[in-house]
Every structure is written in structure tokens, then in C-alpha cells.
2 protein chains.
Amino acid sequence: MPHVAELAHKLKKAGYKLTPARLAVIDVLESGGEHLCHNQILEAGQKIYPKLSRATVYRTMDILVELKLMRPLYLNEPTQRFVSAAGGHHHLVCTRCGQTIEFDDCTANELVDQLADRYGFQIHHHLLEFRGVCVNCQ
Amino acid sequence: MPHVAELAHKLKKAGYKLTPARLAVIDVLESGGEHLCHNQILEAGQKIYPKLSRATVYRTMDILVELKLMRPLYLNEPTQRFVSAAGGHHHLVCTRCGQTIEFDDCTANELVDQLADRYGFQIHHHLLEFRGVCVNCQ
DNA sequence: CAAAAATTGAGACGGTGTCTCAATTGTGGC
DNA sequence: GCCACAATTGAGACACCGTCTCAATTTTTG
């Protein structure tokens, strides 16, 4: 989970201005749950800074992704969501209720090397997604 | 890669009618490349059966997914794409040119058990996605 | 203080996925 | 082969999403 101070500081350090709109977005990211999408960020952000507009949310998220402070992902739906770049990148998704658990364990590192060899790819990152039914929904 | 005959047969067996529209969609799935999205299926399908409509493509794909003959996935973009349910479920994506290689190797099976234990999930399937730069784009 | 640069909100726009509805079509029973 | 009925269809309406433009505002700089 990102910290307001940290995100804000890095934004400023990268040469971006700390405007109320951007601070509202950052605030939402810090206090809101995980896996927020643009719309959720917009709605929550407007409670903090009512003038906040959709375009600004998109622009701010672009910056945060560019600076590798947040990471975009698609959890089996057409909506882009965001997680802190620091957090675990792997997911356990309940296909019934949508609950998503994030974890870090990863046994894919050997596989990364194999694939790099076989296909000549430079692999930068990877994502594991497990899908099933959670305890409550069984 | 699915076979027309096979998909068509299973559709009929499940109680669905074999209409020209559905056959066109199936034909595209069989002959077209991998990772097709609705729009690509529509365009290719209309070359076979010009009256084919967008709604029918969506409906047919819903059925095929329901019957577990095809599998939907999102490759880091808001567009849903489809792969044969039988094929490999893991991907190597070039972030520069978009080329996607599909493979089957999987070292995640131990991880599946661990996660099932830890979180009480019944895990049905999983997806690995590796992202990097392919030979040509380096 | 003035000019330039960065950022913004509002709204237009094209594309996508969903839905409705009247018209058409495939199928099993005859 | 034909018929009646249920399934299926295409067309278009609709809401929503992501992108873009642009004029207005704010911030920084000289």
C-alpha cells in the first residue's frame, strides 16, 4: 500500500507539480482498498476535491505508472485496475464473488530463465493469476 | 487450435442449433490465429457470412465459453480475447510489438496446492503471463 | 509584474459491450 | 417434404469507457 508522502514526494522529485487534483488521487490510492479502477479513483477523489475530472485521473495514473509507482493490471475484466508497484504481483481471484487476494510467493523464476533462453526474450516482469472459488462461496 | 467439426458437434450436442452465423464464428476460430478478440472474429466472420452481426458474435462466444470450449483472457489491454480451452494457457508477451507466444510449461502446480491450503480456495485454473521484449525488438 | 509553462475541467468523440425487438430460420413431429 | 413453434438473428439504441482537444486557470520564472 502506497504512502501519500512517498508518492507525493516522488512525483515532485520527478518534476511534477503537487496540485490539489493530484494530491486527491494520491490520497485515494493510499487510503482506498486495493485494485482500484479509474472510476473508483475518480469518485473517491471527488469527495476530497470535488472539481477533480476524469481526464485528470487518467493523466495522473499515467504518470504514476510511468514512474513505476503504480502497476496496471486486468483481472479478467475489461477494466484496468491499479496496484502499488511495491506490492505482490500475483493474484488469487474468486470467480464467484470477485474477491481478490494478492500474494508474493513465486516459483516462476526458473521458468523465466528457460523462456528467455528458448525464445530470446528479455523478460521484465510476470504475473500469475489463479482462479477458483473462495471459502465463502464454496 | 479448435476443430470446426469438434466445436460444431459439441454445440449441437449441448442443444444449440447449428446456424450459418455460428458456423462462421467457429470457422474463424478454427482457421484464424490465436488470441482473437470479438472484433477480429466479427470482421473475419463477415467474410464468410456477411450478415453476421456483432451481437451474434458476442452471444456465440458466450456459449463457447460457457461450454468451456474456449477461454477468455485479457492480455494487458481492455479487450477480451479468446484461446482454445485445450491450448496452452500461458503467455509471453512483447511489450513493444505485441507479439504473443503461447506455451504450456508450468511449474506452478506446487504453488496451486500451497495457495489452496493457505486460503481455502478451490483453484480451477491459472494463468501465467510473462512480459518483456522479443528478439526483434531488442 | 508580466510572460511563459504546466495543469486543469469540461465536453466532444469513437469504440465496446449490453440489450431490446421485430423478423427470420432451424428443427423435430407429422 | 412440410409445418408450427421455439430458438436465433440483425439492426440499432444505449450507456459507458478511454482518448483527445481546447480554452481557462494556476504556477513558475525572469
Side-chain angles (χ1 to χ4, degrees), chain A residues 7-28 35-67 70-82 98, chain B residues 4 7-28 35-67 69-82 98:
Chain A
L7 286 184
H9 176 249
K10 290 191 178 168
L11 252 198
K12 190 164 193 178
K13 200 174 159 192
Y16 294 98
K17 295 177 183 169
L18 285 185
T19 64
R22 284 173 182 165
L23 286 172
V25 169
I26 289 177
D27 212 342
V28 169
H35 308 296
L36 297 177
C37 66
H38 286 109
N39 249 3
Q40 293 171 321
I41 298 170
L42 175 60
E43 284 173 23
Q46 285 178 333
K47 288 181 188 156
I48 302 173
Y49 181 69
K51 282 196 304 174
L52 183 62
S53 76
R54 192 151 49 112
T56 299
V57 171
Y58 278 88
R59 286 185 286 231
T60 305
M61 294 315 296
D62 281 350
I63 294 173
L64 293 176
V65 169
E66 176 67 25
L67 295 179
M70 297 296 288
R71 243 178 64 88
L73 52 87
Y74 292 85
L75 296 172
N76 243 54
E77 35 160 27
T79 342
Q80 190 174 42
R81 297 183 173 275
F82 296 91
Chain B
V4 174
L7 286 183
H9 177 249
K10 291 191 178 170
L11 251 197
K12 190 165 194 181
K13 199 174 159 192
Y16 294 98
K17 295 179 181 168
L18 284 185
T19 65
R22 283 173 182 163
L23 286 173
V25 169
I26 289 177
D27 212 342
V28 170
H35 308 297
L36 297 177
C37 66
H38 285 110
N39 250 2
Q40 293 171 322
I41 297 170
L42 175 61
E43 284 173 24
Q46 286 178 334
K47 288 181 189 158
I48 301 174
Y49 181 68
K51 282 196 304 174
L52 184 63
S53 75
R54 192 151 48 110
T56 298
V57 172
Y58 278 88
R59 287 185 285 230
T60 304
M61 294 315 296
D62 282 349
I63 294 174
L64 293 176
V65 169
E66 177 66 25
L67 295 179
L69 298 175
M70 297 296 289
R71 244 176 65 86
L73 52 86
Y74 292 86
L75 296 173
N76 243 55
E77 35 162 24
T79 341
Q80 191 175 39
R81 297 183 174 274
F82 296 91

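Here is how names work: the chains are called A, B, and so on, in the same order as the sequence lines, proteins then strands, and each is numbered from 1. Note that the structure is a prediction, hence the values are computed from the model and not measured.
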Using atom CG of L42(B) as one end and atom C1' of dG12(D) as the other, report the distance to the nearest whole Å. 14 Å
For A21(B), answer base if it contacts any base atom (sugar-phosphate contacts may also be present), sugar-phosphate if it contacts only those atoms, and nothing otherwise; contact means non-hydrogen atoms under 4.0 Å. sugar-phosphate
When the distance from CZ of R22(A) to P of dA6(C) is rounded to whole Å, what number comes out? 11 Å
Quick one: is S53(A) getting a side-chain N or O under 4.0 Å of the dT8(C) phosphate, OP1 or OP2? no
Nearest-Å distance for atom pair CD/C1', residues Q80(A) and dG15(C): 16 Å
What contact category does R59(A) fall into here, base, sugar-phosphate, or nothing, at under 4.0 angstrom with non-hydrogen atoms? base
To the nearest Å, give me how far apart CD1 (I41(A)) and P (dC17(D)) are. 13 Å
Can you tell me if the side-chain N/O atoms of N39(B) get under 4.0 Å from OP1 or OP2 in dG15(C)? no
Find the distance R81(A):CZ to dG18(D):P and express it as a whole number of Å. 10 Å
Whole angstrom value for the distance that separates P of dT27(D) from NZ of K12(A): 12 Å
Looking only at non-hydrogen atoms, find the nearest pair between Y74(B) and T79(B) and report the distance. CD2-O, 3.6 Å
Upstream residue (5' side of DNA chain C) when Y58(B) and K51(B) are each assigned their closest nucleotide: Y58(B)
What's the verdict on ring pair (Phe, Tyr, Trp, His ring centres under 6.0 Å) for Y58(B) and H38(B), showing C-alpha distance, side-chain angles and the deciding distance? CA-CA 7 Å; Y58(B) 278 88; H38(B) 285 110; 3.9 Å; yes
Is T56(B) near enough to dG10(D) that one of its side-chain N or O atoms lies under 4.0 angstrom from OP1 or OP2? yes
Within a strict 4.5 Å, meaning less than it, do heavy atoms of the V25(B) and Y49(B) side chains meet? no
Specify the separation, in whole Å, of atom CE of M61(B) and atom P of dT18(C). 13 Å
Looking at R54(B), I'd like to know whether one of its side-chain N or O atoms comes within less than 4.0 Å of OP1 or OP2 on dT9(D). no
Check this one for me: any side-chain N or O of T19(A) less than 4.0 Å away from OP1 or OP2 of dT8(C)? yes
Start at the 5' end of DNA chain D and walk down; is the nucleotide closest to P78(B) or to L52(B) reached first? L52(B)
Of P20(A) and D62(A), the one whose closest nucleotide on DNA chain D sits nearer the 5' end is D62(A)
